[in-house]
Chemist: 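Before anything else, here's the structure in question.
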Amino acid sequence: MRDKIVLIDGHSILNRAFYGVPDLTNSEGLHTNAVYGFLNIMFKILDEEKPEYLTVTFDVHAPTFRHEMFADYKGTRKPMAEELRQQVPVIKDVLRAMHIEVIEKAGLEADDLLGTLSHRCEEKGMDVSIISGDRDTLQLATEHIKIRIPKTKQGKTEVEDYYAADVQERYGVTPKEFIDVKALMGDTADNIPGVPGVGEKTATKIIQQYQTIENAYEHVDELKPPRASKNLKEFWEQAQLSKTLATIKLDADITFELENARHENPYTKEAHELFQRLEFKNLLGRFDVEASVNDVEKYFREVTGKEEIEKVFKEAEKAETVGVAFSKDAGNVLPLFAHASGYGRVSLCYEAEKIVTIPCDMDADFEYLTGKLSHLAKSVKCFSMCGLKEYLEWLPELTSENGFDAIVAAYLLNPLKNDYNAEDVAREHLNLLIDEKLDEGTKSCYEAYTAYACVPVLEKKLEENGMFRLFNEIEMPLVFTLYDMEQAGVKVEGEELKRYGEELGARIIELEKEIYEMAGEEFNINSPKQLGVILFEKLEMPHAKKTKTGYSTAADVLDKLAPEYPIVAKILEYRQLAKLKSTYADGLANYIGMDGRIHSKFNQTITATGRISSTEPNLQNIPVRMELGRLIRKVFVPKEGCVFVDADYSQIELRILAHCSGDEQLIQAYREARDIHRMTASQVFHVPFDEVTDLQRRNAKAVNFGIVYGISSFGLSQDLSISRKEAAQYIEHYFESYPGIKTFLDKCVSDAKEKGYAETLYGRRRPMPELKSSNFMQRSFGERVAMNAPIQGTAADIIKIAMIHVNEELKKRNLKSRMILQVHDELLIEADETELEEVQQILQDKMEHAAELLVPLSVDMHTGKNWYEAK
DNA sequence: GATCTCACG
DNA sequence: ACGTACGTGAGATCC
């Protein structure tokens, strides 16, 4: 059996990875996508090949890089992107930590290193795999040297393999002849001149016939086409030079000790720490966690028997802080004693060395244990869990005074993550690794311990980041508010909804028929791909836009075609109805519970800005803009004896902008309750206030929206279907009229650049690594976000405060009315008819006084027997 | 699982 | 020159 060595072309693969993997950044703001992509490719190769030896080569002098991704790029080298440059030392650190040999030699091209190493290894009788993104290395392929070129396709890495025979098959020449082909055709990127007028086709033909340029030169008069014959004669010296340049050295002067390249366990402790810092979560699974010792586990204890359990709780009651975890035990616990919800175990940590897990059994079933916990909640100062809201059902005695949610705290500290869980909190904040393959009891102990131990750590970090009050006074109380809303749910008329869906269905079938007839064939209208072919190929419509994968058939494109092509209008109508039926009519029906109500989830740890999100189902995007869709709201009804009260903030984001910017004009306008869009129109278009046309007001409104989004002339021009120039002019006039706003928005960007995060009025932070990007698009995005996040985030803060106050007031007064929905700037209350006026007064008061700004907060309120009427 | 489209603020 | 408005969630298609 031949030994095998894998040689990785470091810069080439790093470069591939950089352009193939979307931008990733760790919480320190360090770009990591190239390193991540590199490691993925490397691990894939190692898993496949299991080589005895492994070496990564870097050419030291690589200040510039060829852009292989862009076909239009030719000629001189472009400087390496800053985001890539900063990752070069990182990958070297990672490799060092993994004990993988790195070979660099000043003045030597990576190709020559690879050539020499592969050649030497082959002579020693080894199999060699060269991993490179550079096709020049194909000349190195032999029977025993395999060239492997990784391709990143939609997140998946595929590898093209070339032995000598494969090169012959693919390119029609042998690897050695490949050099001569290149000598003739040249390579601008590598500064190889080649022979003028000879391209790939001609070069290949000539070499297929004559094998080498020398042989071709001997028969130079027979060469075809005549141009090649003439030029080879004329540029013979240049051709010879080109061949030298194109030839990869096999005998470079380097010292290489094979034993240094021996591939042993790369999963070292140092590498693990580095991977953690880089936040390569799904690569951490490769490490053997057992190796990294922690001494927490030895304090884990399983407790059974009523006497023992009582003893534990008695001890726990004396603690200031307890960490608690519920576990869905799939193991040994008799299902008989588990709860219907699936919980079969609770765990408790009340000192760093007192960590117990209690399986539900005949002595102590789930209700008994949660009863003990709820009782415990009355005596401790801090009752901490990971994801508190999920468990409040079982802890009726817990209040926002002493409840602590580690997950919510972790979210505030970094709101950009996709998901939050106990393992991550332990790793990031306690530097504690939790094995994924643990039994339920141990895992549950870890979670309880994490909830316990992270309290002081997270509190300190919140304090340091100026978010202590935000956490204690807004986010934690909100956990309880959201829980109440989820419990309350909203009543939905199932029968009505069904009828609505059926009506839509009937119309959809009609439309389908008409569309098929007009198209002349049947196809899947829901498939953008098929639809694109019908519209833009078969019916030859002018296609305005393209997406990555084909034609865009988005509504704004179709809107422009609709006046001229009746079928497009039908398709738009079909789309609208199909959406209403699938997402809303049918979609919502699936969520109606036994109580006739929908209990949507309100998520507190999703958005980057601090907004709440709603899922299963999303009740924050129920149609309202179009009448047909809006009708859906008629099926959302209050329960018997109740009415809906819907209250929404009027232009809260613009008011926040007025406050934060201190712009005199805008503040004055809001104090006088003037029509802001009309005023803007008057200023931007230089017309008297009373002479503003509807169109001007509409456009001004779009400008105001744009300001909040972090305006760009392009975005505004798209929205208003005007030229970019015009849009830029609107913006210019706007900033002339409101100089305070311009100053404020500029400050948002410069502050965020300086601090690395954007901040709301209440101290909520959004980290902003994008602002450091050298990529124009990403940086511009960062700038828009830096303008938008403080405004959108402050609005989110304010309505959260209002929600907490409204909910508290309803409870305090023992009212039967319940807050049931939040839609970003809107609250929906199911109000008992006898309490209607009181509820209206509470809503108005608490919403308008949630924050005291330089401008009044104004609330619009409506009542009705369904959501349609109340909006 | 990625992509496209579209519903909301 | 680059190629976009800010923030979400869900359904359908297609690989």
Side-chain angles (χ1 to χ4, degrees), chain A residues 22 70 72 153-156 415 523-532 545-558 571-572 574-588 590-591 600-603 606-626 628-630 632-633 648-649 651-653 702-703 705-720 724 727 731 758 766 773-793 795-796 799 821-826 871:
Chain A
F70 306 115
D72 62 340
K153 267 189 197 163
Q154 291 166 347
K156 272 186 191 163
F523 65 102
N524 189 340
I525 308 167
N526 285 320
S527 163
K529 200 176 156 192
Q530 293 182 37
L531 181 60
K545 266 203 298 190
K546 273 180 282 181
T547 64
K548 265 179 270 184
T549 52
Y551 306 108
S552 169
T553 65
D556 60 329
V557 175
L558 299 194
I571 289 164
L572 282 166
Y574 172 90
R575 280 248 183 99
Q576 196 194 353
L577 301 194
K579 172 92 178 177
L580 289 173
K581 179 158 165 58
S582 68
T583 305
Y584 298 105
D586 301 347
L588 289 176
N590 292 326
Y591 286 100
S600 157
K601 278 185 170 174
F602 290 101
N603 313 295
I606 300 284
T607 69
T609 51
R611 274 189 176 177
I612 291 163
S613 96
S614 157
T615 50
E616 300 173 56
N618 181 356
L619 293 184
Q620 291 180 323
N621 71 347
I622 303 302
V624 67
R625 293 173 190 169
M626 306 282 271
L628 184 66
R630 192 174 192 147
I632 288 256
R633 292 179 174 236
D648 69 288
Y649 280 116
Q651 298 172 352
I652 186 166
E653 290 180 335
V703 173
F705 268 104
I707 295 293
V708 170
Y709 290 157
I711 195 131
S712 76
S713 55
F714 187 90
L716 185 65
S717 71
Q718 284 285 299
D719 191 51
L720 291 179
R724 243 172 90 178
I731 295 167
R766 169 171 179 164
S773 174
S774 69
N775 178 305
F776 173 85
M777 209 190 77
Q778 283 184 25
R779 195 174 56 250
S780 305
F781 172 72
E783 286 166 0
R784 291 195 295 272
V785 168
M787 297 187 249
N788 172 264
I791 301 172
Q792 190 183 124
I799 195 158
L821 290 180
Q822 187 255 36
V823 193
H824 309 306
D825 66 353
E826 166 190 358
K871 179 70 187 163

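When reading the values below, keep in mind they use all heavy atoms of this one structure, side chains included, and skip hydrogens, waters and symmetry mates. Chain letters run A, B, ... following the sequence lines, proteins first, then strands; residues in each count from 1.
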Chemist: Over all strands shown, is A:Ala789 touching base, sugar-phosphate only, or nothing at heavy-atom distances under 4.0 angstrom?
Modeler: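 Counting heavy atoms under 4.0 Å across all strands, no contact is made by A:Ala789.
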
Chemist: If you check the A:Phe781 side chain, which of C:dT13, C:dC2, C:dG7 turns out closest?
Modeler: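 Of all the options, the side chain of A:Phe781 is nearest to C:dG7.
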
Chemist: Pairing of DNA chain B as dot-bracket, 5' to 3': ( ) intra-strand, [ ] crossing, | other strand, . unpaired, with Watson-Crick or G-U pairs under 3.5 Å?
Modeler: |||||||||

Chemist: Need one value for A:Glu616: base, sugar-phosphate or nothing, where a base atom within 4.0 Å counts as base even if backbone is also close, heavy atoms only.
Modeler: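 Contact class for A:Glu616: sugar-phosphate only.
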
Chemist: Ignoring backbone atoms, establish whether A:Asn524 has a side-chain N or O less than 4.0 Å from OP1 or OP2 of C:dT13.
Modeler: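 Yes, within the criterion.
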
Chemist: At under 4.0 Å, does any side-chain N or O of A:Ser780 touch on OP1 or OP2 of C:dG3?
Modeler: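 No, because none of the side-chain N or O atoms of A:Ser780 sits under 4.0 Å from OP1 or OP2 of C:dG3.
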
Chemist: Kindly say if A:Arg766 contacts the phosphate of C:dG7, meaning a side-chain N or O under 4.0 Å from OP1 or OP2.
Modeler: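 Checking A:Arg766 against C:dG7: at least one side-chain N or O falls below 4.0 Å of OP1 or OP2.
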
Chemist: When the distance from CG of A:Asp586 to P of B:dA7 is rounded to whole Å, what number comes out?
Modeler: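 After rounding, the gap between these two atoms is 16 Å.
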
Chemist: Are any side-chain N or O atoms of A:Asn788 and backbone N or O atoms of A:Val708, one a donor and one an acceptor, separated by less than 3.5 Å?
Modeler: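 Yes, the answer is positive, given that a donor and an acceptor are paired below the 3.5 Å cut-off.
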
Chemist: So what does A:Gly710 hit on the nucleic acid, given a heavy-atom distance under 4.0 Å: a base, only sugar-phosphate, or nothing?
Modeler: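 No contact.
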
Chemist: If only atom types and distance count, is the side chain of A:Gln530 paired as donor or acceptor with the main-chain N or O of A:Asn524 below 3.5 Å?
Modeler: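 Yes.
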
Chemist: Which listed nucleotide (C:dG7, C:dT13, B:dC6) is nearest to the side chain of A:Arg575?
Modeler: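 Per side-chain heavy atoms of A:Arg575, the pick is B:dC6.
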
Chemist: If the condition is salt bridge (charged side-chain N to carboxylate O under 4.0 Å, His left out), which residues does A:Lys546 pass it with, not counting sequence neighbours?
Modeler: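 For A:Lys546, no residue satisfies salt bridge (charged side-chain N to carboxylate O under 4.0 Å, His left out) once neighbours in sequence are set aside.
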
Chemist: Mind checking A:Ala702 for me? I need base, sugar-phosphate or nothing, with any heavy atom below 4.0 Å counting as a touch.
Modeler: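 The residue A:Ala702 makes base contact.
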
Chemist: Starting from P on B:dA7, measure out to CZ on A:Arg633 and report it in whole angstrom.
Modeler: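 Rounding to the nearest Å, CZ of A:Arg633 and P of B:dA7 are 13 Å apart.
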
Chemist: Within the side chain of A:Gln620, is there an N or O that forms a donor-acceptor pair under 3.5 Å with the backbone of A:Gln822?
Modeler: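 Indeed, once roles are kept as given, a pair shorter than 3.5 Å links the two residues.
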
Chemist: Out of B:dG9, C:dC6, B:dA7, which nucleotide sits closest to the side chain of A:Gln576?
Modeler: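 It is B:dA7.
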
Chemist: Should the side chain of A:Asn526 and the base of C:dA12 be counted as holding a donor-acceptor pair, with the cut-off at 3.5 Å?
Modeler: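 Counting by modelled atom types and ignoring angles, no donor-acceptor contact under 3.5 Å is found here.
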
Chemist: Find the distance A:Lys546:NZ to C:dT4:P and express it as a whole number of Å.
Modeler: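 Rounded to the whole Å, the gap is 14 Å.
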
Chemist: To the nearest Å, how far apart are A:Tyr584 OH and C:dA12 C1'?
Modeler: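 In whole Å, C:dA12 C1' lies 14 Å from A:Tyr584 OH.
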
Chemist: Select base, sugar-phosphate, or nothing to describe what A:Leu580 touches, counting heavy atoms under 4.0 Å on all strands.
Modeler: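 Nothing: the residue A:Leu580, judged by heavy atoms under 4.0 Å, touches no strand.
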
Chemist: Evaluate A:Leu619 against A:Val823 for side-chain contact (heavy atoms from CB on, under 4.5 Å), listing each step before the verdict.
Modeler: CA-CA 8 Å; A:Leu619 293 184; A:Val823 193; over 6 Å; no

Chemist: How long is the line joining CG of A:Asn618 and C1' of B:dA7, in whole Å?
Modeler: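 To the nearest whole Å, that distance equals 8 Å.
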
Chemist: If you assign each of A:Pro528 and A:Arg784 to its closest nucleotide in DNA chain C, which residue comes earlier from the 5' end?
Modeler: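 The residue whose closest nucleotide sits nearer the 5' end is A:Arg784.
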
Chemist: Side chain of A:Asn603: nearest nucleotide among B:dG9, C:dG9, B:dC6?
Modeler: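 Given the options B:dG9, C:dG9, B:dC6, the side chain of A:Asn603 is closest to C:dG9.
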
Chemist: Between B:dC6, B:dG9, C:dT13, which nucleotide has the shortest distance from any of its atoms to the side chain of A:Tyr709?
Modeler: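 Closest nucleotide among those given: B:dG9.
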
Chemist: Roughly how many Å apart are C:dA5 and B:dC4, using the P atom of each and rounding to a whole number?
Modeler: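 The answer is 13 Å between these two P atoms.
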
Chemist: Rounded to the Å, how far apart are A:Gln530 CD and C:dC15 P?
Modeler: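 After rounding, the gap between these two atoms is 10 Å.
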
Chemist: Taking only the P atom of each, what is the distance from B:dT3 to C:dT4 in whole angstrom?
Modeler: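 These two P atoms come out 14 Å apart once rounded.
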
Chemist: Is the side chain of A:Asn603 donor-acceptor paired with the backbone N or O of A:Ile606 at a distance under 3.5 Å, no angle test?
Modeler: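 Not at all, since once roles are kept as given, no pair shorter than 3.5 Å links the two residues.
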
Chemist: Can you figure out which of C:dG11, B:dC6, B:dG9 approaches the side chain of A:Lys579 most closely?
Modeler: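 Among the listed nucleotides, the one closest to the side chain of A:Lys579 is B:dC6.
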
Chemist: Would you indicate which nucleotide in B:dG9, B:dC4, C:dT4 comes nearest to any side-chain atom of A:Gln792?
Modeler: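 Closest of the options to the side chain of A:Gln792: B:dG9.
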
Chemist: Please check if atom CZ in A:Phe523 has more than 12 non-hydrogen atoms from other residues, nucleotides or ligands closer than 6.0 Å.
Modeler: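 Buried by this count: over 12 neighbours within 6.0 Å.
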
Chemist: Can you confirm whether A:His824 sits close enough to A:Ile799 that some side-chain heavy atom of one is under 4.5 Å from a side-chain heavy atom of the other?
Modeler: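 Answer no - side chains too far apart.
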
Chemist: Donor-acceptor pair, distance only, cut-off 3.5 Å: does the side chain of A:Arg633 make one with the backbone of A:Ile622?
Modeler: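 Yes; at least one donor-acceptor contact below 3.5 Å.
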
Chemist: Is the backbone of A:Ala554 close enough, under 3.5 Å, to the side chain of A:Ser552 for a donor and an acceptor to pair up by distance?
Modeler: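 The answer is yes, because a donor-acceptor pair under 3.5 Å joins these two groups.
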
Chemist: Would you mind telling me which residue lines up with the more 5' stretch of DNA chain C, A:Leu716 or A:Asn590, judged by nearest nucleotide?
Modeler: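 The answer here is A:Leu716.
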
Chemist: Please state whether the phosphate of C:dG9, meaning OP1 or OP2, lies under 4.0 angstrom from any side-chain nitrogen or oxygen of A:Thr583.
Modeler: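 Checking A:Thr583 against C:dG9: no side-chain N or O falls below 4.0 Å of OP1 or OP2.
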
Chemist: C:dT13, C:dA5, B:dC6: which one has an atom nearest the side-chain heavy atoms of A:Ser527?
Modeler: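 My answer, after comparing the listed nucleotides, is C:dT13.
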
Chemist: Please give, in whole Å, the distance from C:dC6 P to A:Gln718 CD?
Modeler: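 Value for this atom pair: 12 Å.
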
Chemist: At under 4.0 Å between heavy atoms, what does A:Asn775 touch on the DNA or RNA strands: base, sugar-phosphate, or nothing?
Modeler: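 Contact class for A:Asn775: none.
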
Chemist: C:dC15 phosphate, OP1 or OP2: any side-chain N/O from A:Lys529 under 4.0 angstrom?
Modeler: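 Result: yes.
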
Chemist: Using a distance-only criterion (donor-acceptor N/O pair, under 3.5 Å, no hydrogens), is the base of B:dG9 paired with the side chain of A:Arg625?
Modeler: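 Result: at least one qualifying N/O pair found.
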
Chemist: Just compare C:dT4, B:dG9, C:dG11 and give me whichever is closest to any side-chain atom of A:Arg611.
Modeler: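 Selected nucleotide: B:dG9.
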
Chemist: Identify, with sequence neighbours excluded, every residue that meets side chain to side chain donor-acceptor pair (under 3.5 Å) alongside A:Ser600.
Modeler: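 A:Ser600: side chain to side chain donor-acceptor pair (under 3.5 Å) contacts with A:Ser614.
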
Chemist: For nucleotides C:dA1 and B:dC6, find the distance between their C1' atoms and express it as a whole number of Å.
Modeler: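 Rounded to whole Å, the distance is 32 Å.
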
Chemist: Out of C:dG9, B:dG9, B:dC4, which nucleotide sits closest to the side chain of A:Ser613?
Modeler: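 The closest nucleotide is C:dG9.
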
Chemist: Heavy atoms under 4.0 Å, any strand shown: does A:Val823 hit a base, just sugar-phosphate, or nothing?
Modeler: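 Sugar-phosphate, no base atom in range.
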
Chemist: A:Phe714 has an atom CZ; how far is it from atom P of C:dC6, in whole Å?
Modeler: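 After rounding, the reported distance stands at 12 Å.
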
Chemist: May I ask you to verify if any side-chain N or O of A:Thr607 is less than 4.0 angstrom from the OP1 or OP2 atom of C:dG7?
Modeler: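 Answer no for this pair, as no side-chain N or O of A:Thr607 is under 4.0 Å from OP1 or OP2.
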
Chemist: With a 4.0 Å cut-off on heavy atoms, is A:Ala795 in touch with a base, just the backbone sugar-phosphate, or nothing at all?
Modeler: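 Answer is nothing: A:Ala795 stays at 4.0 Å or more from every strand.
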
